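Structure first, then comments.
It should be emphasised that the depicted structure is a prediction, and the values quoted were computed from it without experimental measurement. All ligand and atom numbering here is 1-based and tracks the order in the structure. Numbering starts at 1 and runs along the sequence shown.
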Amino acid sequence: MNFSTLRLCIRRTWAMGGVLRHMDLGCRRRLLPIFSRLLSSPVDPPLTAERYGVSRLSFSEVTAQDVSHFQTLLPGRVVTDEGDLRFHNIDWLKTVRGHSKILLKPRNTEEVSQILKYCNERNLAITPQGGNTGLVGGSVPVFDEILVSTALMDQVISFNDVSGTLVCQAGCILESLNKYLTERGYTMPLDLGAKGSCHIGGNLSTNAGGLRLLRYGSLRGTVLGVEAALPDGSVLNCLNSLRKDNTGYDLKQLFIGSEGTLGIITAVSILCPRKPSAINVAFLGCEDFSRVLQVFRLCKDQLGEVLSACEFLDSECMRMVETHLKLTKPLPESPFYVLVETSGSCAKHDEDKLNAFLETAMDSGCVTTGTVATDHTKILSLWALRERITEALAHDGYVYKYDLSIPIEKLYSLVEELRDRLGSAAQSVVGYGHLGDGNLHLNITAKSHSDALLAALEPFVYEWTSQHNGSISAEHGLGFKKRDHIYYSKSREAVQLMQKIKHMIDPKGIMNPYKTIPAMD
Ligand code: FAD
Ligand code: MLT
Ligand code: ZN
């Protein structure tokens, strides 16, 4: 299809409500493989402690008395069956594995507070867990930490349909919140491929970025309030619904991105935007990465306020989704693809802007081929090519995953350098990500985990990123896997202050030990 035809294809928009209703169904279908991945049972990864040579800290071990205490506190909501615990002990990528003997399912803040108070007194370590979709090994125990799941904390507390402020428990699933809001003319300011499983508390704890950060900004801006249970069992109520509040330190920010190391987030207040009534998606092919950058520049120049996402993938990613998920490439083969989404409140206005953008992109030669979604089914199928790369990679073998912020002009250089450096040692080296946010997802796959390949990747990737003034974790956090690499992105003084804050709030270090903040020297 050429662009003249494409322009004709950008129809007056469809009702967004309809699109999202279908999206929910589509998402559910799409997310089935995520659930089945978690539940399927190929070979379990080795225990984290063995693979990474970690020593257990001197926490107490869970006794029969502890179990019976929890059974009294949470009748019918204490899991001790090894089979049922398996899913919770292994991460989504199947790269780390703990051996917790117990998982607790509180329903409310008071129960979380009681659990923490007891664990603190008994010196029992805890790993908070939401949807267990985290990609840095933060959501599963390293040893036998007690798992505290937010799965039953899934109630909306209030929604103000004038201000758009949603207050809910931490265990609400992101996609369910979006459905709730869609029915009320609003949308979540956050969207990501794991939406059908991840919890809003998990999203805050990792400060997840996702696909619409370009439009709605980071959770550090959209989250208005947080309620959290602290390690001693006290409850910090900062569940504000105010947009403006300059009274002292902004304590909620401590919990956003703290990956369960300071306490358990129990409730969230978040500012939600109006649901856009017009959406278009263009999927474009580019000959090289410099043209990808030109497309992004053009998007900003010409689409301006209606631009809602700008993502990219390379041809290797396309090969992955075609091979492993049987998705169909919508364009002739190109070295790079860019997905551009517009959303707004006036279909005609957005259509005119998109047409003008496509015309310039074609005339300037930065785009060689493309297609535009004209209906919800096609929008979903174009988004799937980008959103499902993570899942396709997991089918390819063992995945070495890097999530880097890099100055945009250098965003793809590391992928090319690594292909040269690794040669046939890697099965595949792919690059994709949030172009609009300067966030590269660099993934390397191999048949299985190998210390030699890891040594070829690290510290090279981190040194390269640091030398280019990037961040070694753009949006996934540090968790277990990246904790000790924090120094590539933060100064010693900054890490020391983090350690002091951690020690002040959690003096016994029971909250998600071995994760995020390196131990004090
Ligand atoms: P979990 O994985 O259960 O936990 C993550 C961390 O938060 C752990 O350290 C855990 O201890 C802690 N935690 C969880 N709940 C709480 C709580 N209530 N209080 C305190 N600590 C808590 N991430 C992005 O940023 N952008 C993306 O686009 C993106 N896409 C993804 C796509 C796929 C297919 C997958 C599998 C993952 C993706 N991720 C992405 C990573 C992951 O989904 C996000 O990090 C998500 O926010 C994690 O939420 P969760 O509920 O699954 O948390
Ligand atoms: C994404 O953007 O697809 C996610 O962050 C997951 C990943 O990095 O694979
Ligand atoms: Zn991402």
Query raised in the report: Which atoms from ligand 2 have a heavy atom of K401 less than 4.0 Å away?
Result: 7 (C), 8 (O), 9 (O)
**Report entry** Of N439, L213, D403, L214, the residue whose pairing with H434 passes side chain to side chain contact (heavy atoms under 4.5 Å, CB included)
**Finding:** N439
Query raised in the report: When you check the gap from the basic side-chain N to the acidic O, do E322 and R319 get nearer than 4.0 Å?
Result: no
Query - Heteroatom proximity flag, G130 to ligand 1, N/O under 3.5 Å - result: yes
Query raised in the report: Taking NZ, NE, NH1 and NH2 as the nitrogens, is one of them in E387 or K195 under 4.0 Å from a carboxylate oxygen of the other?
Result: yes
Requested in this report: Select the closest option to atom 15 (N) of ligand 1 among A474, G210, G202, judged by heavy-atom distance.
Outcome: G202
Query raised in the report: Between Y118 and D66, do the side chains contain an N or O donor and an N or O acceptor separated by less than 3.5 Å?
Result: yes
Query raised in the report: At the Zn ion (ligand 3), what angle lies between atom NE2 of H441 and atom OE2 of E475, rounded to 10 degrees?
Result: 90°
Report task. For the pair Y488 and H485, name the ring-plane relationship: parallel under 30°, tilted 30 to 60°, perpendicular over 60°. Result -> tilted
Query raised in the report: Are the side chain of T266 and the backbone N or O of E227 linked by a donor-acceptor pair below 3.5 Å?
Result: yes
Query raised in the report: N/O to N/O below 3.5 Å, does that happen between H199 and ligand 1?
Result: yes
Report summary line: The atoms of ligand 1 lying under 4.0 Å from a heavy atom of G263, numbered in the order shown, are 20 (C)
Query raised in the report: Looking at ligand 1, does any of its N/O atoms fall within less than 3.5 Å of an N/O of E475?
Result: yes
Query raised in the report: Is it the side chain (CB and beyond), the backbone, both or neither of L211 that lies under 4.0 Å from ligand 1, heavy atoms counted?
Result: neither
Query - N512 neighbourhood, listing ligand 1 atoms whose heavy-atom distance to it stays under 4.0 Å - result: 9 (O), 11 (O)
Query raised in the report: N/O of N207 under 3.5 Å from N/O of ligand 1, yes or no?
Result: no
Query - Atoms in ligand 1 with a heavy atom of S205 nearer than 4.0 Å - result: 7 (O), 12 (C), 13 (N), 16 (C), 17 (C), 19 (N), 20 (C), 21 (N), 22 (C)
Requested in this report: Number the atoms of ligand 1 from 1 as they appear, then name those within less than 4.0 Å of a heavy atom of S139, with their elements.
Outcome: 1 (P), 2 (O), 3 (O), 4 (O), 8 (C)
Query - Donor-acceptor pair, side chain of E145 and main chain of F143, under 3.5 angstrom - result: yes
**Report entry** I265, portion touching ligand 1 at heavy-atom distance under 4.0 Å
**Finding:** both
Report summary line: With heavy atoms and a 4.0 Å threshold, my read on which part of L211 contacts ligand 2 is neither
Query raised in the report: Going by heavy atoms, is L135 under 4.0 Å from ligand 2?
Result: yes
Query raised in the report: Is there a side-chain hydrogen bond (donor to acceptor under 3.5 Å, both in side chains) between N89 and S100 once you walk through the steps?
Result: CA-CA 7 Å; N89 269 315; S100 179; 4.7 Å; no
Report summary line: Taking only non-hydrogen atoms of G260 and a 4.0 Å limit, the atoms of ligand 1 in range are 20 (C), 21 (N)
Query raised in the report: Given V268, T133, L478, which one has a non-hydrogen atom that is nearest to atom 42 (C) of ligand 1?
Result: T133
Query raised in the report: What do you reckon, does R386 have a nitrogen or oxygen under 3.5 Å from a nitrogen or oxygen of ligand 2?
Result: yes
Report task. Using a strict 4.0 Å cut-off to heavy atoms of T390, name the atoms of ligand 2 that fall inside it. Result -> 3 (O), 6 (C), 7 (C), 9 (O)
**Report entry** Option of least heavy-atom distance to atom 33 (C) of ligand 1 (set: G477, S473, A194, G171)
**Finding:** A194
Query raised in the report: Is the Y186 to F159 ring centre distance short of 6.0 Å?
Result: yes
Query raised in the report: Would you say the side-chain atoms of T127 and N512 include a donor-acceptor pair closer than 3.5 Å?
Result: yes
Query - Where ligand 1 meets T150 - atom numbers and elements under 4.0 angstrom, heavy-atom basis - result: 18 (N)
Requested in this report: Determine whether more than 12 heavy atoms belonging to other residues, nucleotides or ligands lie under 6.0 Å from atom NZ of K502.
Outcome: yes
**Report entry** Exam field: side chain S113 to backbone T109, donor-acceptor pair closer than 3.5 Å
**Finding:** no
Report summary line: To atom 39 (N) of ligand 1, the nearest of D403, L135, D191, N439 on a heavy-atom basis is L135
Query raised in the report: Looking just at side-chain N and O atoms, do K401 and T95 make a donor-acceptor pair shorter than 3.5 Å?
Result: no
Report task. Go through ligand 2 atom by atom and flag the ones less than 4.0 Å from a non-hydrogen atom of Y432. Result -> 3 (O), 7 (C), 8 (O), 9 (O)
Query raised in the report: Relative to the heavy atoms of G134, which atoms of ligand 1 are at a distance of less than 4.0 Å?
Result: 2 (O)
Query raised in the report: Of all the heavy atoms in H434, does at least one lie under 4.0 Å from an atom in ligand 2?
Result: yes
Requested in this report: Could you say whether the N/O atoms of T127 and ligand 1 ever approach to under 3.5 Å?
Outcome: no
Query raised in the report: In a check of side chain to side chain donor-acceptor pair (under 3.5 Å) between Q114 and each of K117, E110, E111, which one passes?
Result: E110
Query raised in the report: Purely on distance, is any nitrogen or oxygen of N132 under 3.5 Å from one on ligand 1?
Result: yes
Requested in this report: State whether the side chain of T323 and the backbone N or O of M320 hold a donor-acceptor pair below 3.5 Å, judged by distance alone.
Outcome: no
Query raised in the report: Looking only at N/O atoms, are L192 and ligand 1 under 3.5 Å apart anywhere?
Result: no
Query raised in the report: Is there an N/O/S atom in D403 that lies less than 2.8 Å from the Zn ion (ligand 3)?
Result: no
Query raised in the report: Relative to ligand 1, is N203 under 4.0 angstrom through side chain, backbone, both or neither, heavy atoms considered?
Result: both
**Report entry** contact_flag G209 ligand 1 heavy-atom lt 4.0 Å
**Finding:** yes
Query raised in the report: With a 4.0 Å cut-off on heavy atoms, is H476 touching ligand 2?
Result: yes
Query - Donor-acceptor contact below 3.5 Å, side chain Q499 vs main chain P518 - result: yes
**Report entry** Donor-acceptor side-chain pairing of W383 and E341 below 3.5 angstrom
**Finding:** yes
Report task. Using a cut-off of 6.0 Å, state whether more than 12 heavy atoms not belonging to K508 lie near its atom NZ. Result -> yes
Query raised in the report: Under 4.0 Å between a Lys/Arg side-chain N and an Asp/Glu carboxylate O for K515 and E259?
Result: no
Query raised in the report: Where on E391 is there a heavy atom closer than 4.0 Å to ligand 1, on the side chain, on the backbone, on both, or on neither?
Result: neither
